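Here the structure comes first, spelled out in structure tokens, and everything after it is commentary.
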Amino acid sequence: DLYLRSVREMPTNNEHRLQRIAMLEQVTRGAPAFAEAWASLAAHRAMLALELPYGERAALRASAVAAIERTLEIDPNNAPVWTTRYTLAD
């Protein structure tokens, strides 16, 4: 299962994180109501955004926020996504 492969282990570098993001994007396209996949996608996008130089973060941060919002539409009580949301708080 693609979702399980995407969350099996923590990425060790940005290349691995980009691979996880691509996998999770595929999962969410195929299962748009799968809150855990959206939450994982948000977390990986957020963590990658924080690794980028400040001037390059905006687009990735915006896509992380969009994934957070989608997760909360599906499951407002999803605890991991609230942590990701806090991570991106200004």
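Keep in mind it's a predicted model, so treat the numbers as computed, not measured. FYI, the numbering just counts along the sequence from 1. Side-chain atoms are counted along with the backbone in the values below, which use heavy atoms only and exclude waters and symmetry mates.
In terms of heavy-atom proximity, T71 sits nearest to A39 at OG1-N, 3.2 Å. Across all their heavy atoms, P32 and R70 have their closest contact at O-NH2, 2.7 Å. Across every non-hydrogen atom of T84 and I68, the tightest pair is CG2-CD1, 3.9 Å.
No side-chain donor-acceptor contact under 3.5 Å links S40 to the backbone of A37. R57 contributes a side-chain N or O that, together with a main-chain N or O of L52, makes up a donor-acceptor pair within less than 3.5 Å.
Rounding to the nearest 0.5 angstrom, the gap separating the CD atom in E56 from the OH atom in Y54 is 13.0 Å. The structure places CG of D75 at 11.5 Å from CZ of F34, a figure rounded to the nearest 0.5 Å. Distance CD1/I21 to CG/N14: 8.5 Å, rounded to 0.5 Å.
For the pair L2/L24, no side-chain contact is recorded, criterion being any heavy-atom separation below 4.5 Å from C-beta on. Inter-residue side-chain proximity for R20 and R45 is flagged as unmet; no heavy-atom pair is nearer than 4.5 Å. Side-chain atoms of P11 and H44, non-hydrogen and from C-beta on, do get closer than 4.5 Å to each other. For the pair M23/Q26, no side-chain contact is recorded, criterion being any heavy-atom separation below 4.5 Å from C-beta on. With contacts defined as side-chain heavy-atom distances shorter than 4.5 Å, the pair W38/V81 does not qualify.
Within a 6.0 Å radius of CZ in R85, no more than 12 heavy atoms belonging to other residues, nucleotides or ligands are found.
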